[in-house]
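Taking it in order: structure first as structure tokens, then the write-up.
A, B, ... follow the sequence lines: proteins, then strands. Residue 1 opens every chain.
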Amino acid sequence: MSLQNDLTQKVIEAVKQLYQVELPSVEFQPTRKDFEGDITVVVFPMLRHVKGNPVQIGTQIGEYLVANVDEVSKCNVVQGFLNIVIEDSYYLNFFNSIFSENDFGYVKSQSDDAVMVEYSSPNTNKPLHLGHIRNNLLGYSVAEILKASGKKVYKTQIINDRGIHICKSMLAWQKFGEGETPESSGLKGDHLVGKYYVAFDKAYKEQIAELVEAGTEKEKAEKEAPILLEAQEMLRKWEAGDDEVVSLWKKMNGWVYEGFDVTYKNLGVDFDTLYYESDTYLLGRDVVKDGLERGVFFKKEDGSVWIDLTEDGLDEKIVLRSDGTAVYMTQDIGTAIQRVTDHPDINGMVYTVGNEQDYHFKVLFLILKKLGYSWAEQLYHLSYGMVDLPSGKMKSREGTVVDADDLIQNMEDTAASISQELGKLDGYSEEEKKQLYRTIGLGALKYYILKVDPKKRILFNPEESVDFQGNTGPFIQYTYARIQSILRKADDVKSSAVETSLELHEKEKELLKQIQLFPETIQLAAENFSPALVANYTYDLVKEFNSFYQQVSILGETDEQKKNFRVQLSQKVGELIQSAFRLLGIDVPERM
RNA sequence: GGUCGCGUAGCUCAGCUGGAUAGAGCAUCUGCCUUCUAAGCAGACGGUCGAAGGUUCGAAUCCUUCCGCGAUCACCA
């Protein structure tokens, strides 16, 4: 029951009365700041149904609305735009109706269907970096937004714990590690394993160079370097279940998981269920065999199995090797089906994976559709742009990465030094301060990443670092802290309803309009899988509040009614900031 | 070469699926702290929305072509 719906009916009614024509719809937009009014009806589209000049039509409709709709106090027409002024009492009524509502804007009833959101899904041979951070923040936030829009959500990740990459780390550790453990070296587990991944690559490159020196062709050398052959042998042993290899694998993966857990905790992300590639990599083969019988797939002479997607504008794609083993695609088919088996209420999945895999997911979704799964219509690849450095792509092997743990620490340090300079934290214990620096540092980082459209690539310049002023997380957190300060001083916040006869200040009215937009913002963000919409909404809200705060005295107001309303309004804005930021996984501070 | 994505102020980004004079932040410059937190507010400066056509009363937004950047086209994952 929004104002717009009401007005739509009234405008249709007006046109029917005036011109005996039934309009299919009415187009609205917020009134531009330079004109008087709150909401604007665009007259132009009506010209298809009503003959006449737009100004005249607008004027007549406006007169009708003023006469027949209580909330409309006056109207004016500029060109083909009918600007409508809404009564203050309408906004005050709206405010009263939501004031005591918790989590205003969230849909509280939960759908029966569930959505599974996959994100993170790292390899277990190296620590997480800035690219993973974008992935994690996006996935987590989209999951929270979907929840707030009324969906049941499972958060998951598939951990790529097997394959040649982890064997490389294992082998290098065996060769050069001398028994080093996280305990013995004090190194975080994932960093320790990553160190040996880099060591492997170094040794591998040296061997290639030696072979080339001795006259081998480069391409051949890359395939025949002894250390690579050893790693491949190790993978074969792992697949055969060799005790020694498997136990080393378990040990080193264990170190990595401990390290990841710390990073996830620092980032504030979590998962409901986990899948491990070592459990799922064999899945999918039966499905392919079944699909082969049903003619979805076809077999080539060498025994490999393919799907022909040329009619869909794609190519042929392999789904089973000639030796009968699974490829990446087979696995993903199997895993998807497994997930629905495990959680029968799933009707839809979101895969948070970089845009370099656009093609893979296009194919995957198409295959699942062709296999006839009803839920295959509800799959979405949350594709995001890479995070690049000024020097180019990040590469773990070459050490040109922005490490996740380092970056988080960095942000906290910056927050700490700014905070200390400002010196507003008298009375805070060291522990409280540390907590606050973390809140602000992470707030800056998370907002910085989430405010941009997922599709766009981000160029991250470590030198310039992330801002703390302007359109940033700390700016919004600061506004929240200010509001809390007011609320602490206004010890007697009345929860009683506000008199609807109050005359609104322009800034108050703008704030109320912005508040009204929150529910639809959440829905829009959910439909578009875009945390950026929530971030930008919050920024607009906060800007509006700061402007209000600057121009209007809250606690200094002598009229008790007005003062009480302003305090209540501030409180509500604070709550909104908090719940919007919760959707982004960002905390808000009581002081800063 | 085929396919997909991106291109808006010096820099970083918005622009609600076609509406009025394209908006913010950073940077530069100017004001505002004996009054609720100046990580703030108010203002100035800054644009042929990559280019050219087309559709429309109306285009940054939709269509076509071209240019630039990126990704992808593996019996790797």
### Nearest-Å distance for atom pair NZ/P, residues K126(A) and rA77(B)
15 Å
### Message
Quick test of your reading: applying salt bridge (Lys or Arg N to Asp or Glu O under 4.0 Å), list the pairs with at least one residue in residues 530-548 of chain A, sequence neighbours left out, ordered by first then second residue.
### Response
none
### Query
Is RNA chain B part of any stem, that is, at least 3 consecutive Watson-Crick or G-U pairs with both distances under 3.5 Å, and where?
B:1-7 with B:67-73, B:10-13 with B:23-26, B:28-32 with B:40-44, B:50-54 with B:62-66
### Message
Distance check needed: rA14(B) C1' versus L450(A) CG, whole Å only.
### Response
15 Å
### Task
Check whether any side-chain N or O of K543(A) sits under 4.0 Å from OP1 or OP2 of rG25(B), and answer yes or no.
yes
### Task
Encode nucleotides 2-12 of chain B as B, S and - characters from 5' to 3', where the letter depends on protein heavy atoms closer than 4.0 Å: B to the base, S only to sugar-phosphate, - to neither.
-SSSSS-----
#### Entry: Distance test, side-chain N/O of N546(A) to OP1/OP2 of rC41(B), below 4.0 Å
yes
### Query
Which is true for P45(A) with a 4.0 Å heavy-atom rule: it touches a base, it touches only sugar-phosphate, or it touches nothing?
base
### Query
Donor-acceptor pair under 3.5 Å: do we get one between T472(A)'s side chain and the base of rA39(B)?
no
### Task
In whole angstrom, give me the gap between the C1' atoms of rA60(B) and rC16(B).
14 Å
### Query
Quick one: does R591(A)'s side chain have a donor or acceptor within less than 3.5 Å of a partner on R482(A)'s backbone?
no
### Message
Whole angstroms only, please: what is the CD1-C1' distance between I458(A) and rA14(B)?
### Response
15 Å
### Task
Assess the pair F365(A) and H381(A): is the distance between their ring centroids shorter than 6.0 Å?
no
### Query
Counting only N and O atoms by type, is there a donor-acceptor contact under 3.5 Å from the side chain of Q232(A) to the main-chain atoms of I164(A)?
no
### Query
Want to settle it: does D323(A) or F44(A) sit nearer the 5' end of RNA chain B, counting the closest nucleotide to each?
F44(A)
### Query
Under the salt bridge (Lys or Arg N to Asp or Glu O under 4.0 Å) rule, what pairs show up with a residue in residues 559-571 of chain A, not counting sequence neighbours?
K494(A)-E560(A), E508(A)-R566(A), E557(A)-R566(A)
### Query
Would R236(A) and E239(A) pass as an ion pair if we require N to O under 4.0 Å?
no
### Task
Look at the rings of H360(A) and Y328(A) and say which category their plane angle falls in: under 30° parallel, 30 to 60° tilted, over 60° perpendicular.
parallel
### Task
Just say parallel, tilted or perpendicular for the rings of Y549(A) and F545(A), cut-offs at 30° and 60°.
tilted
#### Entry: Closest to the N83(A) side chain, choosing from rA20(B), rG15(B), rA77(B)
rA20(B)
### Query
Where the side chain of L524(A) is defined as all heavy atoms beyond and including C-beta, which of rA39(B), rG25(B), rC16(B) is the nearest nucleotide?
rC16(B)
#### Entry: Contact pattern, 5' to 3', of nucleotides 26-38 of chain B - B, S or - by protein heavy atom under 4.0 Å
S---------BBS
### Query
For rG23(B), does OP1 or OP2 lie under 4.0 Å from any side-chain N or O of R32(A)?
yes
### Task
Output yes if the stacking criterion (under 5.5 Å between centres, under 30° between planes) is met for F35(A) over the base of rA20(B), else no.
yes
#### Entry: Whether F81(A) stacks on the six-membered ring of rA20(B) base, 5.5 Å and 30° limits
yes
### Query
Mind checking whether F529(A) and Y380(A) have parallel, tilted or perpendicular rings, split at 30° and 60°?
parallel
### Query
Are K455(A) and S383(A) close enough that a side-chain donor and a side-chain acceptor fall under 3.5 Å?
no
### Message
Rounding to an integer number of Å, can you tell me how far L389(A) CG sits from rG70(B) P?
### Response
15 Å
### Task
Going by the side chain to side chain donor-acceptor pair (under 3.5 Å) test, name the single residue among Y448(A), Y539(A), Y447(A) that passes it with N471(A).
Y447(A)
### Task
Would you check if the side chain of Y480(A) reaches a backbone N or O of I577(A) as a donor-acceptor pair within less than 3.5 Å?
no
### Protein-nucleotide distance (D453(A), atom CG; rA60(B), atom C1'), rounded to Å
15 Å
### Task
Report yes if a side-chain nitrogen or oxygen of S547(A) is closer than 4.0 Å to either non-bridging phosphate oxygen (OP1 or OP2) of rA42(B); otherwise report no.
yes
### Message
Base of rA77(B), side chain of D332(A) - is there a donor-acceptor contact under 3.5 Å?
### Response
no
### Query
In chain order, what residues pass the side chain to side chain contact (heavy atoms under 4.5 Å, CB included) check against P127(A), with sequence neighbours excluded?
D190(A), H191(A), D403(A)
